[in-house]
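Below is one structure; the comments refer to it alone.
Ligands are counted one by one from 1 in listed order, and the atoms in each one are counted from 1 as well.
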Amino acid sequence: MKIYASMLAANSSCFGEELRKVSDADGIHWDIMDGSFVDAISFGAEVVRSLRKQTQQIFDVHLMVKNPEKHIETFANAGANIITVHAEATHHLHGTLQKIKSLGKKSGVAINPATSIEFLPYVLDVLDVVLIMTVNPGKSGQTFIMQQIDKIKRVTEVISDKIEICVDGGINEKTILPCVNAGAKNFVVGSRIFNSDNYSEAIKKLRGYSY
Ligand code: DX5
Ligand code: ZN
């Protein structure tokens with residue numbers, strides 16, 4: 001199991017300190033929002049670049065932006081290890097994933113709750129991670145959408161073991177279990193970690209649900 005801490009839920013006035021407090025997480029998830037694909041604007045590549053120097057953890061950049069192909073190189077240079085784009089945000093998903101791979105990064109595709117997975121078999125050759133959204137993208141602290149459990153199961157039937165499934169949105173002790181039962185092993189966690197008194201303890205509790 002991998003737990004990625006989502007910095008969107010962290011206190012942005014002290015990102016450096018927040019980052020140190022989630023050193024137990026396997027990776028750091030950066031939610032990049034452009035105010036167009038989603039309403040909110042979050043942070044950009046300079047934030048990722050400046051914090052890259054502080055940790056060896058995996059940096060997983062989730063681009064909630066229109067035309068993500070325009071920004072891939074910037075985030076690759078800022079220190080991303082995984083770059084995830086939304087299936088709904090680009091007309092050229094295969095080409096965009098190919099571009100991420102050509103820069104030596106892991107490629108991910110994020111799938112919104114109402115998006116079907118029919119395209120998935122056609123991008124497997126350029127894909128490392130499937131990010132299943134269990135909330136609508138745009139903010140942390142939302143309620144987990146239970147209907148997405150069926151999507152997790154269906155994704156496990158389409159992909160090989162080499163491709164990671166990661167679940168993003170509304171993960172806590174109650175919602176992680178049905179995801180694990182459906183075949184998910186990796187999780188993005190925002191408010192459950194950053195709204196707690198002890199981040200390490202929150203991460204440890206969630207790890208207790210792996211098989
Ligand atoms: C939602 C983001 C998530 C979010 C997760 O648009 O993609 O990564 O920050 O936060 P929680 O765990 O609070 O739902
Ligand atoms: Zn995210």
**OP:** Give a yes or no answer on whether the side chain of Ser107 reaches the backbone of Lys101 with a donor-acceptor pair at less than 3.5 Å.
**Re:** no

**OP:** Find out if a path of hydrophobic residues (ILVMFWY) with successive side-chain heavy-atom gaps under 4.5 Å connects Ile176 to Ile132.
**Re:** yes

What does the contact table look like for ligand 1 (nitrogen or oxygen on each side, cut-off under 3.5 Å)?
{"residue": "ligand 1", "atom": "6 (O)", "partner": "Gly138", "partner atom": "N", "Å": "2.8"}
{"residue": "ligand 1", "atom": "7 (O)", "partner": "Asp31", "partner atom": "OD1", "Å": "3.0"}
{"residue": "ligand 1", "atom": "7 (O)", "partner": "His62", "partner atom": "ND1", "Å": "3.3"}
{"residue": "ligand 1", "atom": "7 (O)", "partner": "Asp168", "partner atom": "OD2", "Å": "2.9"}
{"residue": "ligand 1", "atom": "8 (O)", "partner": "Ser6", "partner atom": "OG", "Å": "3.4"}
{"residue": "ligand 1", "atom": "8 (O)", "partner": "His29", "partner atom": "NE2", "Å": "3.4"}
{"residue": "ligand 1", "atom": "8 (O)", "partner": "Asp31", "partner atom": "OD1", "Å": "3.2"}
{"residue": "ligand 1", "atom": "8 (O)", "partner": "Asp31", "partner atom": "OD2", "Å": "2.9"}
{"residue": "ligand 1", "atom": "8 (O)", "partner": "Asp168", "partner atom": "OD1", "Å": "2.7"}
{"residue": "ligand 1", "atom": "8 (O)", "partner": "Asp168", "partner atom": "OD2", "Å": "3.1"}
{"residue": "ligand 1", "atom": "9 (O)", "partner": "Ser6", "partner atom": "OG", "Å": "2.9"}
{"residue": "ligand 1", "atom": "9 (O)", "partner": "Asp31", "partner atom": "OD2", "Å": "3.2"}
{"residue": "ligand 1", "atom": "12 (O)", "partner": "Gly190", "partner atom": "N", "Å": "2.8"}
{"residue": "ligand 1", "atom": "13 (O)", "partner": "Gly141", "partner atom": "N", "Å": "2.8"}
{"residue": "ligand 1", "atom": "13 (O)", "partner": "Ser191", "partner atom": "N", "Å": "2.9"}
{"residue": "ligand 1", "atom": "13 (O)", "partner": "Ser191", "partner atom": "OG", "Å": "2.5"}
{"residue": "ligand 1", "atom": "14 (O)", "partner": "Gly170", "partner atom": "N", "Å": "2.8"}

Subject >> Of the protein N/O/S atoms, how many lie under 2.8 Å from the Zn ion (ligand 2) >> reply: 4

**OP:** Keeping the roles fixed (side chain from Asn11, backbone from Ser13), state whether a donor-acceptor pair exists under 3.5 Å.
**Re:** yes

**OP:** For the pair Lys151 (side chain) and Pro113 (backbone), establish whether a donor and an acceptor sit closer than 3.5 Å, ignoring hydrogens and angles.
**Re:** yes

Original post:
Do you see a donor-acceptor pair shorter than 3.5 Å between the side chains of Ser196 and Asn198?
Top reply: no

Original post:
For the side-chain contact (heavy atoms from CB on, under 4.5 Å) test, which of Leu8, Ile41, Val65 pairs with Met33?
Top reply: Leu8

Original post:
Can a donor-acceptor pair be found between the side chains of Asp60 and His62 at a distance below 3.5 Å?
Top reply: no

**OP:** Look at the side chain of Asp168 and the backbone N and O of Met133, then say whether any donor-acceptor pair between them is shorter than 3.5 Å.
**Re:** no

Original post:
Got a donor-acceptor contact below 3.5 angstrom from the Asp34 side chain to the Phe37 backbone?
Top reply: yes

